[in-house]
Amino acid sequence: MNMERLFSTKLCMLIVVALALQMHGNKGCLEKERIALLAIKPFIINKTFYYDERNRTVESWVDDRVSDCCNWYRVECSTTTGRVMNLSLSGLLYNSTTILNFSLFQPFEQLQILDLSRNYFKGWVDSKGLGNLRNLEYLDMSWNSINDSLQELGLPNLRNLEFLDLSFNRIKGSLRQANLRNLRFLDLRYNGMIGSLQELGICNLKNLIELDLSDNNFEGHLPPCVNNLTILRALDLSSNQLTGNIPSLNLLTSLEYLSLHDNNFSTLHGIPSFLMYQHSLEFIDLSHNKLGGMFPTWLLHNNTRLQFMYLMNNSLSGILQLPNSTHDLLHLRISNNILTGQLPMNIGVILPRLEHLNLSKNSFEGYIPWSMGEMKSLNILDLSSNNFSGELPKAFVSGCSSLRSLKLSNNNFHGEIFPQFMNMTQLQLLFLDNNQFRGKIQNGLWKAGFLNVLDLSSNSFSGQIPDWIGNFSYLIYIVLSNNHLEGGVPVQLSNLRRLNILDISENWLSGSMASSFNLSSSVMKLCLQKNALNGSIPNAFLGSSDSFMLDLRDNEFSGSISIPIDGLGNPEFLLLGGNHLEGTIPHELCKFNNLRILDLSRNRFNGTIPSCFTNILTWVSGNFSMEIIKSVALLIGDISLFYDFTLGIGMFCVNKYTIGTFDLRIGYSVASYNFTLAFEQVDSTVESSTPETEIDFVSKNRYESYKGRILGYMLGIDLSSNELTGDIPTDIGNLQQIIAMNLSRNFLSGSIPESFSNLTNIESLDLSHNKLSGRIPPQLTQLNRLGTFNVSFNNLSGPVPNTRQFGTFVESSYGGNPSLCGPQINKSCGSSEPTIPPSTPSGAGEEEEDDESAIDMVSFYWSLFASYVTTVMASVLILWLNSYWRKQWFCFIDACIISSYCWILRNVFHRYDDI
């Protein structure tokens, strides 16, 4: 009895002690761990980039032997042992030369969570220090600049590791030697890793739940051993260089997320059939591969949980068939395939929950089904670049009230649009360009109060531009070009304070621009060309500080160019040609440091050419005080629109999808980490239909069209067809970056400046139809890139240079100059004629010309040889790729051999005369 009472007493004492420890915990962290944290502190002070975070960390890490390091910022300890369990040092450092010393973390023997992400470490030393952290379960070193091998990280000792994130580094190597049996999450994306997936050793990580190896350079086939990862729920191998067929992964029955986009997988039999049994699948992306076959209707029929289906940019063919029963699919994007036929009439009934539908760049035809009006959740619809026709159904226009982005570009839709019953009140992006819509822009569009982008270009809209467009306070992009709009430009457009692009070119607009037209300073691109606008150019047009391009060509603007002194703009493309402008060219233009193309041609400007053009940095040195390529981005819910004004590229980016989560529990009471199964998903295929910025500019005696990236390299001046007088300033020769210069059809006099030999990048130079005199400077033969040269109809004299590229210019380049002579114009220079001063000792000139002639012949032979080799290689490549033509070729060769053999036997050896 006493023994039982004694045992009960001891048991109660133990319980009381345990409860006391649980309630009060340890009063402080271990001394050696406190010292270790203080050893890290100077490292943070010296290298910290984020000032606020540094202050908060440094101020809490105090060496006063009083404060408990378990209460320090970014430090968490166990409530029972007082040992440091969680150390988060993410985003504190910013120095690409920093080397991480893992020995600093060696005292933290019980550490379970270590976060060193976003510090831009270049590498590490003493990886054994990391290997001593045997209790480590969570390691995040993403977003650094580590350029080391996985084998040197000390991973074999981290047997308890469950979470490993090394993404956004430059790590290489293999995991074969790492004994990571408990690893559940592995992220190695954006490392530039090479080799095969088999060599990486992922097939041994059988407890993986999420695996992300995207955006690397892995090659070869997808190894079948991936099928061993039977509990895998998320697999992302996108943006690599994997090839061949996709093997059967039928054992991955828990798979919820599969992304293999942007590889080189190929099959003629369609989407892999093993996906028929992935009943947990919610997200699939096989875009940007070479998958053929029919549209996989069975994938929707068998995978009832599927929500996101991306099959863009493949070779899927046939018609779009849907299941017979309703499906809860949210996103269907099958753009850039070769699908044909009409859309199912019941598409809105079968897919009522659809939020994003992209069928662009196929060969669909017919009408928009009325049932699409039943898609009450539809946010994004892209039917562009197909063969759709007909009018927009009333049920569609009035029923899709949640639609935020509608893109019907490049089809054959017709009829009037924007009726009063239009109910797209949430519309933000509207692209109807390149169709056959007609009639006036009706008031139904006025209900879309959140409109950001409006593109109605290349249709047959008529009437005036509605005044109420100026009430769209969120509008940043208006393109109404190439229609039949008439009347004046509404002054209400100046109310659009967020406007970035205004393009109303190629219409029938007329009248003068009101002086009260105060264009928003946010406008980057203003295009009014090819109308009948008159009067003076409003001061606000040249005063926009963010101006990128101003195109007023081919109108009837008159008066002089007035540039406001306060609020001087800085455009890169200033195009005023084809108007009735007069007066002198203002010197204020020279303050446009970023000017790339200046077109003042076909006006009535007089006076001299400003010598201050050398102040324009882009023409002299190619330096820019701000970016050449302007862009604008806006966020619309979970959709981002990015527009590049030079490239004309618009892109929708879906920011992130969260399909599911699961907990990664670290320790007993330290922390519980949730991370999404779905990785960040960017849609680079849903490009807007906005045209590239395109400029027609006189170069090489004709109008050349420059757009996209080519436009980004173009630098030119066109002052032709004016009334300019005086000498050409010598300083113009310092514009070394200029590619095209046209000063023709003026009244310029004097000689051609010898400084033009400094125009080392020039490709087209037109000085024709002026009053220039003197000789053609022989130094111009140093302009190796010059492809077009025209000095016709001047008063030039002396011999025409005939060396280098000048030997290729035709006679018309020099016509109308009676005093010129030389072989190019079939006129001999007499002994009394002035000759070109030799640049070499006597007799060397003829030898140099002979040498150049020989060099030209060598170049000719090499070109001929290169053409022959290219032709042969192209033929071999075609035969290698196309089995039909390869078979026909060898049959032809066999026939030729047999015919030759028979001919020789019959005509040489006189045998088989009966053949």
Side-chain angles (χ1 to χ4, degrees), residues 21-96 98-122 124 126 129-130 132-133 135-146 161-168 663-675:
L21 289 174
Q22 185 69 25
M23 292 175 62
H24 299 288
N26 191 285
K27 294 299 182 181
C29 64
L30 265 64
E31 179 65 14
K32 68 174 184 178
E33 292 185 341
R34 187 182 70 85
I35 295 174
L37 290 172
L38 292 174
I40 298 175
K41 178 179 177 179
F43 187 73
I44 297 175
I45 295 175
N46 294 332
K47 301 295 184 181
T48 296
F49 175 73
Y50 300 104
Y51 180 77
D52 293 338
E53 287 294 300
R54 179 196 66 181
N55 276 356
R56 189 173 178 183
T57 303
V58 172
E59 289 175 359
S60 66
W61 292 22
V62 181
D63 185 13
D64 58 3
R65 298 188 177 275
V66 176
S67 64
D68 183 2
C69 70
C70 290
N71 296 325
W72 289 357
Y73 182 54
R74 293 176 175 264
V75 179
E76 292 184 19
C77 298
S78 171
T79 57
T80 57
T81 64
R83 300 298 298 266
V84 174
M85 307 290 284
N86 182 352
L87 190 56
S88 177
L89 301 178
S90 63
L92 281 179
L93 313 176
Y94 189 86
N95 191 332
S96 60
T98 303
I99 302 296
L100 178 62
N101 189 348
F102 277 126
S103 64
L104 295 172
F105 304 98
Q106 189 167 352
F108 307 108
E109 298 172 355
Q110 300 299 319
L111 191 66
Q112 294 182 343
I113 302 174
L114 179 58
D115 188 351
L116 300 171
S117 61
R118 300 180 183 274
N119 284 306
Y120 301 92
F121 293 121
K122 185 177 181 181
W124 59 67
D126 195 6
L130 180 63
N132 292 330
L133 305 180
N135 292 307
L136 198 63
E137 299 180 12
Y138 181 104
L139 177 60
D140 188 350
M141 297 177 61
S142 60
W143 289 92
N144 285 289
S145 302
I146 299 173
L161 198 63
E162 296 186 21
F163 182 103
L164 178 60
D165 190 348
L166 300 175
S167 59
F168 295 93
D663 292 337
L664 180 64
R665 190 170 181 81
I666 308 298
Y668 296 98
S669 59
V670 178
S672 179
Y673 283 83
N674 297 323
F675 52 94

(request) For Q110 and N135, test the side chains for any donor-to-acceptor distance below 3.5 angstrom and give the result as yes or no. (result) yes
(request) With the side chain counted from C-beta on, respond yes when V75 and L37 share a heavy-atom pair under 4.5 Å apart, and no when they do not. (result) yes
(message) Check C77 against C70 for me: are their SG atoms closer than 2.5 Å?
(response) yes
(message) If I compare all heavy atoms of W61 with all of K41, which pair ends up nearest, and what's the gap?
(response) O-NZ, 2.7 Å
(request) Kindly say whether N119 contributes a backbone atom to a donor-acceptor pair with the side chain of W143 at under 3.5 angstrom? (result) no
(message) Nearest 0.5 Å, please: how far is CG in L104 from CG in L89?
(response) 10.0 Å
(request) Could you tell me whether the side chain of W72 and the main chain of S60 form a donor-acceptor pair under 3.5 Å? (result) yes
(request) Report the distance from atom CZ of F163 to atom CG of D115, rounding to the nearest 0.5 Å. (result) 8.5 Å
(message) Determine whether a donor-acceptor pair (N or O, by modelled atom type, separation under 3.5 Å) exists between the side chain of N144 and the backbone of S142.
(response) yes
(request) Apply the test salt bridge (Lys or Arg N to Asp or Glu O under 4.0 Å) to residues D63 and R34: give CA-CA distance (whole Å), side-chain angles for both, the deciding distance (0.1 Å), then the verdict. (result) CA-CA 9 Å; D63 185 13; R34 187 182 70 85; 2.9 Å; yes
(message) Measuring from atom CD of E162 to atom CG of L139, what distance do you get when rounded to the nearest 0.5 angstrom?
(response) 13.0 Å
(request) Please step through salt bridge (Lys or Arg N to Asp or Glu O under 4.0 Å) for the pair E76 and R83, ending with a clear verdict. (result) CA-CA 9 Å; E76 292 184 19; R83 300 298 298 266; over 6 Å; no
(request) Considering non-hydrogen atoms only, spot the tightest contact between S103 and P107 and give its length. (result) O-CD, 4.0 Å
(request) Give a yes or no on whether the backbone of S167 and the side-chain of D165 come within a donor-acceptor separation of less than 3.5 Å. (result) yes
(message) Tell me if a side-chain donor or acceptor on D68 pairs with a main-chain N or O of C29 at a distance below 3.5 Å.
(response) yes
(message) Exactly one of L114, V84, L136 should register a side-chain contact (heavy atoms from CB on, under 4.5 Å) with F105. Which one does?
(response) L114
(request) Indicate yes or no for a side-chain donor-acceptor contact from R74 to the backbone of S88 under 3.5 Å, with no hydrogens or angles considered. (result) yes
(request) With rounding to the nearest 0.5 Å, note down the distance linking CG in L133 to CG in L161. (result) 10.5 Å
(message) To the closest 0.5 Å, what do you measure between CD1 (I113) and CG (D140)?
(response) 11.0 Å
(request) With rounding to the nearest 0.5 Å, note down the distance linking CE in M141 to CZ in F121. (result) 7.5 Å
